[in-house]
Amino acid sequence: MGEKKKLVLVGNGMAGVRTIEHVLKLTPDAYEITVFGAEPYPNYNRIMLSSVLAGGSDMKDIVINDWGWYEENRIKLYTGDAVVKIDAGKRKVVSKSGVTAEYDALILATGSNPFILPLPGADKEGVIGFRDIKDCNLMMEASKKYKKAAVIGGGLLGLEAARGLLHLGMDVSVVHLNAYLMERQLDEPAAKMLQRELEAQGMQFLMEKQTAGIRGNRRVTGLDFADGTSLEADLVVMAVGIKPNVELAKASGLNVNRGIVVDDYLETSVPGIYAVGECAEHRGIAYGLVAPLYEQGSVLAKRLAGVETAGYAGSVTSTKLKVSGVDVFSAGYFMESPETRSLKIQDELDGTYKKIVLQGDRLVGAVLFGDTSDGTSLFSLIKSREPVAGKEKELLLGFPAGSSGASSPAAKLAAMANDEIICGCNGVSKGAIIDAIHDGCNTVGAIKACTKASGSCGGCKPLVEGLLELYGDGSVGEPVKEGICGCTSLSRDEIVESIKAMSLKNVKEVMNVLDWREPEGCSKCRPALNYYLGMLWPAEYRDEKESRFANERFHANIQKDGTYSVVPRIYGGVTSPGDLKRIAAVAEKYDVPMVKFTGGQRIDLLGVKKEDLPKVWEELDMPSGHAYGKALRTVKTCVGSTFCRFGTQDSISMGIRMEKAFERLNTPGKVKLAVSGCPRNCAEATIKDFGVIAIDGGWELHVGGNGGVKVRATDLLCTVKTEDEVMEWSAAFLQYYREQASWNERTAQWIERVGLDSIKAVLNNAEERRALAGRIDEALAGTTDPWKEIIHNEELRKNFEPLSSAQPVNG
Ligand SMILES: Cc1cc2nc3c(=O)[nH]c(=O)nc-3n(C[C@H](O)[C@H](O)[C@H](O)COP(=O)(O)OP(=O)(O)OC[C@H]3O[C@@H](n4cnc5c(N)ncnc54)[C@H](O)[C@@H]3O)c2cc1C
Ligand SMILES: NC(=O)c1ccc[n+]([C@@H]2O[C@H](COP(=O)([O-])OP(=O)(O)OC[C@H]3O[C@@H](n4cnc5c(N)ncnc54)[C@H](O)[C@@H]3O)[C@@H](O)[C@H]2O)c1
Ligand code: SF4
Ligand code: FES
């Protein structure tokens, strides 16, 4: 095979990575791919940030391609590392951290930045845009401390931000420049109906208000308006539009207008450099919605794969506001002009409004409020430019649904032509979804995996569900069931039960017997099956390393520059001069650039080269701290009664006893423990998966705590008297979690899902508790220290030898 060409993507966002997905499908082996992302995350669904804010989705659900995907496709990924320079002459890019990557083809997909009004005070703390995970987290944090939020801009983004902030319990005022909302998508009657609906949900509006300044000292306290009035606010979200992110392109001498100017093949003014997504300007337009960006990505991928394409000719767009309880749709040219005619109906009783706009004998635009079920069909007609003369009133009054005249959603779906687009974001037609259903996709998740439909804004999910009911294999009327991933429609419990009942013993066998749709599975189901098999057959199952993520395969956390971090186990956080000397000697010998204490009272050697890992482990001569795995991580302890004058119990020895008992335990998600010597709780046991707090004459046992993005304080499980009881209850709790939780589910999520009472009911039964504790011993009996295993095995050591080809960066 000839040498692969080098493809570099700058911007790990929605449009760029979709382009890479297409390239991989069209020509999997043509390119060695490198991706740079300024954000420290894998590729995620930015659209769903609105839903995360409004409580409809969890941050972990919005990842489109997880770390494993890059690894599987041998993509070299640099996250949290923006490209700062393009050397077009030498065909290479340089990142902020100094990484250089050469390219044969370069794709710029740098997206947009929120437009921040250049007002006095706009740099104050608490003034933000709404664009990424960081902004979303800032809003969620602010809502815990502050009450009054102002959103500047009553467009799509501003209203979705405002709805999210309302959900988070804040008082929300939307400050809008225009006389009515969403004037870029709606006409006045629809906008007024929308405003009334949002007011009923609790939103307040300040219309025709121009913000003149932002008040406050360090943090914002309010807004001043040009008309002399003001508003108190301790959080200000600016949602007044976006600016394509073109700085890098401009500095590199590319032709830049509002966006980076591209031709119909997405090529910029410099050959070999392409631009796609919101940063690109095609025929004078820089788009701000995913559907056109995905179309661009598909054309560019064909170009890069050498597949013939007619090129990108521009897009007509449609939008839907993602605010629950409000249905708004807009498409095409929706405002009247001397060249157009419009037909409207408004029903103030039902709260619906519909307008269609015609030019000559063609439909060119539509606005719907209250009932948007005709949106898909109207949009198809706008795009197809099919003549509609004589059918105008029919279009206004509703689509024909056969001789019955029924206008139920199912009848409308059935009456749709097969080439009508169901999923606007991904351009998926009714026919393509029916084909997928006939090919065996019988859940929304499976259809998403096969066709991408419903995978972006989620607005078409009801239609996809409707098609499943209509064309699914006898499942009409049955609730649509989602499997653990797109490869299966089986739930976690069904899979675990089948493995037990049929005595299935390896990942491949499970996939074969349970009719996996994808014979090789995916990065979601493979590690999950590997875990369930290990949990069910502790004595005989051989862990399938290839089903694990890079960190767990290399027993170290891979860092963004491709090096690893090494965290040896330090029981209870108690070390010794001998261990410290060895750690220091290893750090010096292997030029470890940073030695850092972790939050879990361990020592982290950061920046170790992969090839040095076995030698580092050997010379440290300490057990693995499992800081990289879904496993028992740390047992944090306070000094307790040994030294502290408040301590009522010996928290250190309790913690060490627990860590020695449970080290090497594989768990569905990572598990952190802590033991505090008195209720002052210096070891922060109330944000751990299992927290132990000494009280007079005994111990309180707390469960289900979590730090991180979504902090959850523990629930009290019970109070016990002796250390032996602590051991028995913690063992039983951990084993019950191992047996019942889904892979990748932390204790906090598991408890929220199943309820603490159901767990207490099992553990309060002494017989069951002891049986669980017995089973955890069986699970632990077969475990060995992974570092030691590799040190003493020449074959395994070979995996750490340097590879000449690129190593993917994963976390
Ligand atoms: C809250 C919200 C809701 C939305 N809802 C919808 C919706 O319902 N429907 C819809 O169609 N659209 C919606 N959008 C718009 C949609 O998300 C964007 O159109 C889409 O994400 C743009 O994709 P992109 O790849 O061009 O840019 P992005 O997804 O923004 O990706 C660009 C990436 O490039 C990175 N980057 C920038 N410069 C560099 C550099 N020099 N080096 C490395 N990396 C760099 C950025 O950090 C970013 O991660 C929404 C947007 C937001 C913020
Ligand atoms: N559901 C969706 O499709 C969706 C949701 C969120 C975001 N988006 C996309 O994200 C991008 C950003 O959205 P957006 O709403 O910020 O952009 P936008 O340009 O659509 O709307 C900005 C709004 O802010 C108003 N405005 C401008 N200056 C103002 C000022 N000084 N004071 C008060 N109001 C002012 C404008 O009148 C306009 O209505 C767009 O491309 C949008 O399409 C789409
Ligand atoms: S938790 Fe209590 S015993 Fe432990 S260090 Fe703090 S005050 Fe001392
Ligand atoms: S319409 Fe947005 S995901 Fe289908």
Side-chain angles (χ1 to χ4, degrees), residues 37-42 44-63 79-80 113-114 116-117 121-153 157-175 202-204 214-223 231-240 322-324 598-600 669-670 672 681 684 686-689 704-715 746-749 752 811:
E39 295 183 69
Y41 309 104
Y44 65 89
N45 187 344
R46 197 172 300 289
I47 295 180
M48 293 311 271
L49 290 176
S50 304
S51 171
V52 170
L53 204 64
S57 307
D58 205 80
M59 208 61 104
K60 77 174 171 26
D61 300 330
I62 70 170
V63 171
T79 54
N113 292 318
I116 300 292
L117 294 168
D123 55 349
K124 290 195 195 307
E125 191 185 303
V127 180
I128 57 173
F130 181 20
R131 180 72 193 175
D132 53 26
I133 289 184
K134 173 179 54 55
D135 298 329
C136 203
N137 284 337
L138 278 171
M139 284 190 249
M140 294 197 278
E141 279 306 307
S143 72
K144 291 182 196 150
K145 285 200 220 148
Y146 303 101
K147 191 74 192 145
K148 295 196 172 80
V151 175
I152 308 184
L157 186 67
L159 296 179
E160 289 181 13
R163 186 66 196 85
L165 293 167
L166 268 187
H167 164 80
L168 293 169
M170 298 193 83
D171 294 337
V172 186
S173 300
V174 175
V175 178
M203 236 177 258
Q204 294 163 58
I214 298 182
R215 283 205 226 150
N217 293 321
R218 194 168 56 88
R219 190 179 176 92
V220 55
T221 55
L223 298 178
L231 174 75
E232 280 180 32
D234 26 37
L235 174 71
V236 172
V237 180
M238 291 217 198
V240 292
K322 304 192 299 298
V323 165
S324 73
T598 70
K670 63 183 169 188
K672 296 180 178 179
N681 188 19
E684 297 163 344
T686 42
I687 52 162
K688 299 291 182 235
D689 297 274
N706 207 162
V709 175
K710 203 167 175 187
V711 181
R712 182 182 193 274
T714 46
D715 297 312
R746 295 286 307 267
T747 57
Q749 298 156 332
E752 299 257 311

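Quick caveat: nothing in here was measured; it's all calculated off a predicted structure.
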To the nearest 0.5 Å, atom OG of S50 lies from atom CE of M48 at 8.5 Å

Taking Y41 for its side chain and I133 for its backbone only, find out whether a donor-acceptor pair lies under 3.5 Å. no

So, for D234 and K148, which heavy atoms are closest and what is the spacing to 0.1 Å? OD1-O, 2.7 Å

Quick one: OG1 on T686 to CG on N681, what's the gap to the nearest 0.5 Å? 4.5 Å

Note, V151 side chain near M203 side chain (heavy atom, < 4.5 Å): no

Indicate the atoms forming the closest heavy-atom contact of G129 with M139, along with that distance. O-CE, 4.3 Å

Nearest-0.5 Å distance, CG of residue D171 to NZ of residue K147: 5.0 Å

What are the two closest non-hydrogen atoms of K688 and T714, and how far apart are they? O-CG2, 3.2 Å

Could you tell me whether a side-chain N or O of K670 sits under 3.5 Å from a main-chain N or O of R746, the two making a donor and an acceptor? no

Look up atom CG in L49 and atom CE in M59, then write down how far apart they are to the nearest 0.5 Å. 6.5 Å

With a sphere of 6.0 Å drawn around NZ of K145, does it hold more than 12 non-hydrogen atoms of other residues, nucleotides or ligands? no

Distance (rounded to the nearest 0.5 Å) between S173 OG and I152 CD1: 11.0 Å

Member of R131, R46, K134 meeting the salt bridge (charged side-chain N to carboxylate O under 4.0 Å, His left out) criterion with E39: R46

Is there a donor-acceptor pair under 3.5 Å between the side chain of K672 and the backbone N or O of G600? no

Below 4.5 Å, heavy atoms only, C-beta onward: do K60 and V63 meet side chain to side chain? no

Using every non-hydrogen atom in the two residues, find where I214 and A122 come nearest and quote the distance to one decimal. CD1-CA, 3.8 Å

Go through the structure and list residues passing salt bridge (charged side-chain N to carboxylate O under 4.0 Å, His left out) with D715, not counting sequence neighbours. R712

With the side chain counted from C-beta on, respond yes when E160 and L53 share a heavy-atom pair under 4.5 Å apart, and no when they do not. no

Return the set of residues passing side chain to side chain donor-acceptor pair (under 3.5 Å) with E125 (not counting sequence neighbours), or none when no residue passes. R218, R219

Given side chains that start at C-beta, do those of L235 and L165 come closer than 4.5 Å, heavy atoms only? yes

Approximate separation, where rounding is to 0.5 Å, of C136 SG and I62 CD1: 7.0 Å

Looking only at heavy atoms, the pair that brings G705 and T747 closest together is O-OG1, 4.3 Å

Over all atoms of both residues, closest heavy-atom pair of F130 and A161: CD2-CB, 3.6 Å

Side-chain touch K124/V236, heavy atoms, less than 4.5 angstrom: no

